[in-house]
Amino acid sequence: GAAGPMAARGWRRAAAAAAAVRPGPGRAPGAGPASEPVPGAAAPAAASVYVHWPYCRKRCSYCSFNTYVVPTVDEAAVRACLVQEARTLLQLSQVKRWVITSVFFGGGTPSLASPGTIAAVLEAVAGAAHLPAGAEVTLEANPSSTTTQRLAGFKAAGVNRLSIGVQSLDDAELRLLGREHTAAEAQAAVEAARGLFPGRTSIDLIFGLPRQSLDAWTQGLEAALGLCDDHISLYQLTLEWGTALAAQVRGRALPAPPQDLLADMYQAARTTLVAAGFRHYEVSNFARKGALSTHNLSYWRAEQYLGVGPGAHGRFVPRGEGGCSREARVQLPEPIAWMRAVQSQGHGTGKRVMLSPLEQLEEVLALGLRTDEGIPPERWGRFSPHLSLEAVFGAPGQALQQQQQQGWMVLDGGGLRCTARGLAVLDSLLPDLLCQLQRAWGPAAPGPAPGPGRKDPGAVPGGDAVGP
Ligand SMILES: *[C@@H]1O[C@H](CO)[C@@H](O)[C@H](O)[C@H]1NC(C)=O
Ligand code: SF4
């Protein structure tokens, strides 16, 4: 009984029709009403929605995500809670009357959910806010749960973009990563996805595995280039505490990859992908033919988003609390506790923190610099009406000036951004820039009260949900 309101069912038909007449990358991110602020409004008139599916069939050796391997999933209950929480959060936010520019189903392994669950969540969003037919709707899919038939079901549910966790096209590497699929299965999944979502299929690849050579990585990347569509995400393997792989490295069963090799792998990948026509539009992301991820761009542009599902993060301005009080919200991570909370109070928020103006600017800086567009003056001005980019970073003798002389950063009429070379070393540039921001914002800075700056209305020990 996934029957939503009429408007919502109408959305599904319209979305299917839009997908049928517009294959290919669809509208360019940033086009349309999505990222344009409403004249006179304090905040942008758009938001995106992240939906977390917290289950996997098996835990990968490197995985530290909020995911659970359980014998059976009560999908009907999870679905009802996702639907309920989406409605509640849209109601609590100011997002309700606004345009939802993208929805992203991540996990965990959301391709293990049934298409009916995906459809029910989309209908809930469409019923509570404005979800245009052309909105980007991405589903993360693992090759082992990605038959053509299932993918067709997701497409009928309203999904119009896939992100496939290929990770590697080498069976030995896939085993080391503890992945459930083989290279051949990954290949078949990407081919099936491209057939159904042409121009809108992204693949994830991991580099920097223990004992992986530079040659092995570049050969793997070439193989992936022969297979891929117009979007690639590259992740450097990180050995997170508590994962099986990190334990093997700590116990010296496997070597940690040397830092300079990792840097060479990243550079080699960048060179190869740029030569193949990809734009390196974000530290870890490459796109051609304009196939950038609208959803992820909304994070990097510090727009508003809701996080639905266990452990999901959100950033939005709560209704009636004015344009300045952007709030960080995290849902309870453990699925059963989260479901109980949703069933009893409509949402499973575990933590709410008001971000101070300085904290918001720190996010604008750290996220915006990840993209090749950087931070345009208009965006900065929305969060910092009194202190321009020039005023914060332009003074001679400061960190930015040295970074500009090194050819890593640019500050001009278009705003503040990394050069192509700067993107590769962003992690080492950011701390100095954050310090410069904090100093400029210091006690003498204009604008709302500095000082502690943070009120925390809802961090509750013991994992209980907070209201409202
Ligand atoms: C894009 O956003 C999704 C959802 O939050 C996240 O899971 C994914 O890792 C992001 N991709 C990149 C490349 O940052
Ligand atoms: S599929 Fe993704 S979320 Fe699931 S265990 Fe593997 S890495 Fe973690």
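Counting convention: from 1, in listed order, for ligands and their atoms alike.
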**Message:** Taking 4.0 angstrom as the limit and counting only heavy atoms of Cys56, give me the atoms of ligand 2 inside it, by number and element.
**Reply:** 1 (S), 3 (S), 4 (Fe), 5 (S)

**Message:** Before you tell me yes or no, could you show the steps for Gln403 and Asp432 under side-chain contact (heavy atoms from CB on, under 4.5 Å), namely the whole-Å CA-CA distance, both residues' side-chain angles and the distance that decides it to 0.1 Å?
**Reply:** CA-CA 10 Å; Gln403 296 180 359; Asp432 284 344; 4.0 Å; yes

**Asked** Below 6.0 angstrom between ring centroids: does that apply to His52 and Phe65?
**Response** no

**Worked check of side-chain hydrogen bond (donor to acceptor under 3.5 Å, both in side chains) between Thr201 and Arg194** = CA-CA 6 Å; Thr201 297; Arg194 292 186 65 187; over 6 Å; no

**Asked** Going by the order shown, which atoms of ligand 1 are within less than 4.0 Å of some heavy atom of Phe104?
**Response** 3 (C), 4 (C)

**Prompt:** Side chain or backbone of Glu282 under 4.0 Å from ligand 1, or both, or neither, by non-hydrogen atoms?
**Reply:** neither

**Item:** Nearest neighbour in protein (non-hydrogen) for atom 2 (O) of ligand 1
**Value:** Asn296 ND2, 2.5 Å

**Message:** As a check for students: among Cys60, Gly165, Ser145, identify the option with a heavy atom nearest to atom 5 (S) of ligand 2.
**Reply:** Cys60

**Item:** Per-atom contacts, ligand 2 versus Lys58 - under 4.0 Å to a heavy atom
**Value:** 5 (S)

**Prompt:** Of the backbone atoms (N, CA, C, O) and the side-chain heavy atoms from C-beta on, which set of Phe65 has a member under 4.0 Å from an atom of ligand 1: side chain, backbone, both, or neither?
**Reply:** neither

**Request:** Please identify which atoms of ligand 1 are closer than 4.0 Å to at least one heavy atom of Tyr235.
**Result:** 9 (O), 11 (N), 12 (C), 13 (C)

**Fill in**
shortest atom 1 (S) of ligand 2-to-protein heavy-atom contact is with Asn142 ND2, 3.1 Å

**Request:** Can you sort out which atoms of ligand 2 are near Cys63, meaning under 4.0 Å from one of its heavy atoms?
**Result:** 3 (S), 5 (S), 7 (S), 8 (Fe)

**Prompt:** From Leu365 CG over to Leu361 CG, what is the distance, rounded to the nearest 0.5 angstrom?
**Reply:** 8.5 Å

**Asked** Looking at Gly108, which atoms of ligand 2 are within less than 4.0 Å of one of its heavy atoms?
**Response** 3 (S)

**Request:** If you have a sec, work out which protein heavy atom is nearest atom 7 (O) of ligand 1 and how many Å separate them, to one decimal?
**Result:** Glu140 OE2, 3.3 Å

**Prompt:** Looking at atom 2 (Fe) of ligand 2, what's its closest protein heavy atom, distance included?
**Reply:** Arg179 NH1, 4.1 Å

**Request:** Before giving the answer on salt bridge (charged side-chain N to carboxylate O under 4.0 Å, His left out), spell out for Arg326 and Glu359 the whole-Å C-alpha distance, their side-chain angles and the decisive distance to 0.1 Å.
**Result:** CA-CA 10 Å; Arg326 194 171 152 94; Glu359 287 170 321; over 6 Å; no

**Request:** Report yes if some N/O of Tyr50 lies less than 3.5 Å from some N/O of ligand 1; otherwise report no.
**Result:** no

**Prompt:** Can you list the atoms of ligand 2 that are under 4.0 Å from a heavy atom of Phe65?
**Reply:** 3 (S), 8 (Fe)

**Prompt:** For atom 5 (O) of ligand 1, which protein heavy atom lies nearest, and how many Å away is it?
**Reply:** Tyr299 OH, 2.7 Å

**Asked** Relative to each other, are the rings of Tyr281 and His231 parallel, tilted or perpendicular (30° and 60° limits)?
**Response** perpendicular

**Message:** With a 4.0 Å cut-off on heavy atoms, is Glu140 in contact with ligand 2?
**Reply:** no

**Fill in**
Honestly, for Ser233 the part within reach of ligand 1 (heavy atoms, under 4.0 Å) is side chain

**Fill in**
Honestly, for Tyr305 the part within reach of ligand 1 (heavy atoms, under 4.0 Å) is neither

**Message:** List ligand 1 atoms under 4.0 Å from Trp300, heavy atoms only on the residue side.
**Reply:** 14 (O)

**Request:** Give the residue, atom name and distance (to 0.1 Å) of the protein heavy atom nearest atom 7 (S) of ligand 2.
**Result:** Tyr62 OH, 3.5 Å

